[in-house]
Each structure stands twice: as structure tokens, then as C-alpha cells.
*Asks:* 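Here you go, one structure.
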Protein chains: 2
Amino acid sequence: MDARKRSILQVLTEDYILSAEPVGSRTLARKYNLGISPATIRNEMADLEDWGFLEQPHTSAGRVPSDKGYRFYVDELMARPAIGHDLLERIRATYQSRIRELEWFVHQTARLVSDITGYPSIVLAPSWELGIFSALRFVRLGPDQALLIMRTEDGLTQNRTVSIPSELSLAQLNELALEFSREFSGMAIRDLQNYILDPLSTSLKQHWSLWKSALGWLARDGSDEERMTLAGPLNILNYPEFNDIEKVRRVLGFLEQDKAVEQMAQTHPMTGGVTVLIGTETSVADIQDCSVVTATYQMGERIVGQVMVVGPRRMQYAYVMTVLEVVSDELSQALRWA
Amino acid sequence: MDARKRSILQVLTEDYILSAEPVGSRTLARKYNLGISPATIRNEMADLEDWGFLEQPHTSAGRVPSDKGYRFYVDELMARPAIGHDLLERIRATYQSRIRELEWFVHQTARLVSDITGYPSIVLAPSWELGIFSALRFVRLGPDQALLIMRTEDGLTQNRTVSIPSELSLAQLNELALEFSREFSGMAIRDLQNYILDPLSTSLKQHWSLWKSALGWLARDGSDEERMTLAGPLNILNYPEFNDIEKVRRVLGFLEQDKAVEQMAQTHPMTGGVTVLIGTETSVADIQDCSVVTATYQMGERIVGQVMVVGPRRMQYAYVMTVLEVVSDELSQALRWA
DNA sequence: GTTAGCACTCGTGTGGTTAGAGTGCTAATT
DNA sequence: AATTAGCACTCTAACCACACGAGTGCTAAC
């Protein structure tokens, strides 16, 4: 792949990303001064098509990058501009008011990203189940009700109202909680559900129904059912490739299925940094006309969640990647203090 | 309006609701044995059109109910079937597992309704701001952190982590909370934000920064920003009147704007019972091709929120109304114990 | 009051044609 | 040997004319 082919592929890809129209040799020669004639470009494009970087929707149309073409563009050709000053300010401002809770951050991040990229955006919140149990505490709310608060080492908390045996005092309750915390702290919350079934100490066993109710909470309320936040799904209606109502239904239908999206997210390497899946690389038939850009964010040193952008294959890769890089970074910063 | 016109209007409306195709006189005569000829039906339909109950998309098409026609159908003609046994069981089962919190109920309700009606559904959660403040409580989480729990008379709670002056003990904190609770209980939370600016007691004034932080929470975290839950928006793609991508964008765009929807919801009488707004009756240009069915639900005796269904004008009014009646009722029941 | 008959309207679907964009190939040019 | 001009060819989208059919309104007969 010589320099000329590279620049043709690059220029063609960028033109198509903007125009959504198959790009012909004449257009290319006229619009960008490459110093070569349409005929030469045709020859080069024929080669690029042979090698699988380009495709033709039909014989008499221009060329369009294939998945492989986009991949090469993303990996080798694309320029990565620095983020604009205004945009950076806006992102930072979003996280400045840090009076909020994790869930709020997650929602806001999804909105922010879909807003500034113009694509649908998905944020996966930290998995509660994978968190490390740290401590348990009761707060009595009424004669037979208490607030049960559970905390992970990352500082995530879940709380809910539980019914308690009325004969227990607040002090007794918290003594129990302390015992429980000592016993199980350091254990992943997911594993907690297994271990707790066979309580080790008598005092825990004694108030079995209480723990069972707590368990019910762990298994359901605290589970990862609502880990996913989808923002701006309608954005895809702005792109002509989704003028087909059927396509829209397929894609948005997929994005609404939490489980499916979560599963797809797991195929991304959780190594930090931004990754791109192009078209069929996602291995999901419903979104084979889409690309997905993913970044991870952290609480402290641990990667706990992902920010994703889903768009048409001719996505503004460079821009989206830069945005996600910055956003996930700022989010991680914000969570450091949360 | 004689009996024959009524039955023609009814039958025509129901046929159109199912078929989405303008209904002609011949169809009507053939499909339903009304005992009259197409010509007679034509004459009657001409009258109904003159009176504004029917419309013609174009000269050579069949008739379609107008807003006024639907209104008459809903108010006078429509049969209200009892809810099916299986459906009732399903609805009840959703609320049976009452281990959850309010927010979960709200989400589940939206999903349930959009699921069984096949239309997008919106649930407005109880307004936190309009709740009546009941009590405040602190739970210390760490050396300089505490969980602040606020409770309304309805039993709604909000809680968040706040930073506290490290010199305060748990006992001191809760003494403060008690004082605060005594001072302000019975007051609407919205008003609380104004009153608290001028603290009445010295001990409250003393820990001003603490209250200010709590205030910040009340003003933002606890506000009604996320009162609305939208479920199943994609359902509208199933109806042929929304094959136009522009219409879809308009409608879904509107449904995503929390504020606009909330405002529209306020135009419904909050009297309990199910209300229907048809087409332009909604006074919202973006959804003038839609109808909205709304039910209210309660916590105890107080109406605190709404369940809405948005669909095409040719909505299955009877079915949707019955479903909403039952769902809002079961939801109110479930919240009675929450 | 009801209905049959009929002319009329209008949207939809079909087939054929055209215009235009773009290609691949070949031969000429550098 | 690489590049380019020229040209025939292909294919789609747009356009038009046309016929079809559903449905109406009107009139006259029942």
C-alpha cells in the first residue's frame, strides 16, 4: 500500500463520512487536488477494491469504504485532532458540580456524550455485583422498619428499607451489622450471595429471616439489572442510512436490550483507552451497519464501567474517540472524589 | 344522532382502529351486517362528515374518524370490556414482589404498561418537591462523611452522602436533625427551600455550612428533574401512520423532553379516573396525530403521579383505558404498603 | 325512506423511457 | 512503465403516461 493509495483511501473515507454518498473518481479528483487524473484514481480504486478496502453498492456507483477500509483508516490514516477548548470546558463543567451521586454521573455522562457527538450513547454503570463488600449498617426508621446500607470498597452504596424483628434495638442491629461486616468484608458481593447461605456464626443464624430479606435485596435490587443507561437514541434518525424504518427498529431494538448490550460490551477489551468496533466486527447482526466506540472509566485504579457511542459505520471516528477519551477521563477524575 | 348513525360511527371507528385503512361504505356493508345498503351508508356518512365526526383523506378514499368522531366514540359508543383474567394476574404479579422501592415501581409500571398495551408509556413519579417534609436523620459513614436521610409524610425518602464537620458526634448530629425535623415537619419540601434560608434557631445557624450542603441536595438531587420514565418508545414504529420518519422524530422527540411532557400532563384533570385526550385536544403540535390516555395513582389518599399511554389517534381506547384503570389501581395498592 | 345505477374523482401501481453518474478497458501520451 | 484521455457500457433514480380500482355523490327508481 503506497502513499498514493493511502491518501486516496483517506480522502475517500473522509468524504464519505461527511456526505454519505458513494464517492466517484471524478468527485475525488475535482474536490481534492491530489495531482492525478480520475482515470488514475479509478485504477487505484480498483486495486483497493480487489484488496477489500473498498466496496461498490452497485456497478455504476462510486466507492464506499468496507469494514476493512474503515479499520485501516482508523488504525493508520486518521488524524487525531486535539479537543477544542470550548468542548473541554463544557465537559469539565458537567463534572464540576460534584455534589451528586454515582447514578447521576452515569446519566449525565450518557446525555453529555450523545449530545456533543450527535450519536446514541450508552453508559454502563459500575457493576454492583462485582464490587468488594466493605460494610453494612442499619438505621432504624420506625418500629419495625430500618434502612439497611451496604457499602463497597469503592465507596458505592446501596440502601433499602427492610422489615426487622421489633424486639431488636438499634444497638443490637448495628452489632449484628458489625459482625456481618467483619465476617464478610473483602469478599465480592456476587460471592456474598453464596456464602451467606451457610451462616457461620450463631448470631447470624439466629436472625435468619432478617438476612434472608437482606439477601433478597442483594439478589434483586442491588443486582445489575439497571446498569445500562441509553441516551439520545433518536440521534440515529439524523443519518440518512437510517431512513429505513426497519433498520431503525432493528438497531434501537437492540440498544434497548440491556442484556444484549452488556454482553457486547464484554467483547471489548477492558484495558483502558478507546477501542473501536466497525460494522460486523461487533458480531451483532442487528447493528452490522453500525460502529461502536468504547472507553472505560475507573474508580480509583479499578476499571468499573464503560462509555459507548453507537453510530453509523461512517462515524466521525476521530472526533468521537477524542471526546470519549476526555469524557471517560474526566468521569474517572470526578469519581475519584465521589 | 339516531341509532343507525351511532352504530355506523361505532363500527367504522372500530374497523379503522384495527385496519388503519380508510373505511368505505361497501366494506362496512359487507363486513358487518347492518341491514342497510352501501348507498344508505353513504348518505349517513355524508351527514356524519357534515357534522364533523368523519373525515376523508381525499375524495376517492373511505372515511376516517375525526377527533370529534373519536371523542364521541370514547364518550358514548365504546364498549368497556372487563379485563382478562390472565392479564390481571400478570399485573398483580408485577406488584406482588413488594420488596422494592418507589423508583423501581415507577420503572416497572412504565415497562409493564407499554408491554401489554403495545404503545409507548410514560409514568410520572411522585413529585418530591410537593411532598410534605416529615423527618431528617443522619447516619455517620466515616470520619467526615454522613448519610443524610430525609423522609416525607407519604413515606418517600431521599438520601445522600454529605460532608460533615468532623468535630460533631453522631449524637450531636441527630440532635440537630431532630431539632430541624421538629421545626419544619409538615411543610412542603418545595417551601422548605425558602424558609431554611433564614434559620430560626441558633443551633441551626451554627452549622450553616452543613445545612447549606443539605439545601444543595434538596434543590438539585431531590428536585423533580427525573420524575419521568418513558418506556417502549419504539412501539410506535409498529403503527403504519408512523412510517414517516419525520413523524417519528417529532413524536419521540417530544416524548423525550421531560419538561414538555410534564407540562402536558398538568393539563389533565388530576381527579382520579382515566382521562383521554384525542389528537389536537392535547394542544401539542408535535403529537397532534396521537392520543394520550392518562390515569392517576395515589399514595394513601393523595394523588401523587400519573401513568400515561401515548399512541396513534386510532388507539385501542377501551383496552388501554381498562388496563390503565387496573394498573393505576394496583400501583396505588402497592404503594399503600411501601 | 331506501337503494340501484352510473358518471366522476383521485391515489396507486406499472411499464417504459431517459438522464446521469460512474465504471472498465483500450489506446494514446508522457 | 506509468499516466491519462476517450469511449462504450452498466446501472439506478427520476419521470411520465396510463390503466386500475376503490369510493364517492347524484339521480332516478323502488
*Asks:* Can you tell me if the side-chain N/O atoms of B:Arg63 get under 4.0 Å from OP1 or OP2 in D:dG25?
*Replies:*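 So the side-chain polar atoms of B:Arg63 do come within 4.0 Å of the phosphate oxygens OP1 or OP2 of D:dG25, strictly under.
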
*Asks:* Are B:Arg63 and B:Glu55 within salt-bridge range, i.e. N to O under 4.0 Å?
*Replies:* no

*Asks:* Whole Å only: how far is the CE atom of A:Met45 from the P atom of C:dG24?
*Replies:*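 Checked: the CE to P distance equals 8 Å.
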
*Asks:* Given that B:Gly35 and B:Pro57 both sit by DNA chain C, which one's nearest nucleotide is further toward the 5' end?
*Replies:*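 Comparing both residues, the 5'-ward one is B:Gly35.
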
*Asks:* Whole Å only: how far is the CZ atom of B:Arg26 from the C1' atom of D:dG25?
*Replies:*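 One finds 15 Å between C1' of D:dG25 and CZ of B:Arg26, rounded.
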
*Asks:* Phosphate oxygens OP1/OP2 of C:dT2: is one of them under 4.0 Å from a side-chain N or O of B:Arg4?
*Replies:* yes

*Asks:* Rounding to a whole Å, what distance do you find between A:Ile41:CD1 and C:dA21:P?
*Replies:*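 Taking atom P of C:dA21 as the reference, CD1 of A:Ile41 is at 17 Å.
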
*Asks:* Give a yes or no on whether a salt bridge exists between A:Glu325 and A:Arg80, defined as a side-chain N under 4.0 angstrom from a carboxylate O.
*Replies:*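 Judged by the 4.0 Å cut-off on N to carboxylate O distance, A:Glu325 and A:Arg80 do form a salt bridge.
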
*Asks:* Salt bridge or not for B:Arg313 and B:Glu241, using N-O below 4.0 Å?
*Replies:*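 So B:Arg313 does not pair with B:Glu241 through a salt bridge.
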
*Asks:* If you check every side-chain atom of B:Ser60, which of C:dG22, C:dA4, C:dT9 has the closest atom?
*Replies:* C:dT9

*Asks:* Measure from CG on B:Asn43 to P on C:dG1 and round the result to the nearest Å.
*Replies:* 11 Å

*Asks:* Has the side chain of A:Arg42 got a donor or acceptor atom sitting under 3.5 Å from an opposite partner on the base of C:dG24?
*Replies:* yes

*Asks:* I need the CG-P distance between A:Leu34 and D:dA2, as an integer number of Å.
*Replies:*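 In whole Å, D:dA2 P lies 19 Å from A:Leu34 CG.
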
*Asks:* Please state how far atom NZ in B:Lys31 lies from atom P in D:dG23, giving the value in whole angstrom units.
*Replies:*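 Result: 11 Å.
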
*Asks:* If you pin B:Thr27 and A:His58 to their nearest nucleotides in DNA chain D, which one's is more 5'?
*Replies:*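 Its nearest nucleotide being more 5', the pick is A:His58.
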
*Asks:* Measure NZ/B:Lys5 against P/C:dG1 and give the value in whole Å, please.
*Replies:*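 Computing the B:Lys5:NZ to C:dG1:P distance gives 11 Å.
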
*Asks:* Counting any heavy atom closer than 4.0 Å, what does B:Ala61 reach on the DNA or RNA strands: base, sugar-phosphate only, or nothing?
*Replies:*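 The answer is sugar-phosphate, as B:Ala61 gets under 4.0 Å only of primed atoms, P, OP1 or OP2.
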
*Asks:* Under a 4.0 Å N-O cut-off, is there an ion pair linking A:Asp115 with A:Arg90?
*Replies:* yes

*Asks:* To the nearest angstrom, how far is B:Glu55 atom CD from D:dT24 atom C1'?
*Replies:*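 From B:Glu55 CD to D:dT24 C1': 17 Å.
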
*Asks:* B:Thr59 side chain N/O closer than 4.0 Å to the phosphate oxygens (OP1, OP2) of D:dG25?
*Replies:* no

*Asks:* Return the nearest nucleotide to the side chain of A:Ile36; candidates are D:dT4, D:dC11, C:dG24.
*Replies:* D:dT4

*Asks:* If you take the centroid of each ring, where Trp contributes its six-membered ring, are B:Tyr119 and B:Tyr239 closer together than 6.0 Å?
*Replies:* yes

*Asks:* Quick one: is B:Thr40 getting a side-chain N or O under 4.0 Å of the C:dT3 phosphate, OP1 or OP2?
*Replies:*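 Checking B:Thr40 against C:dT3: at least one side-chain N or O falls below 4.0 Å of OP1 or OP2.
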
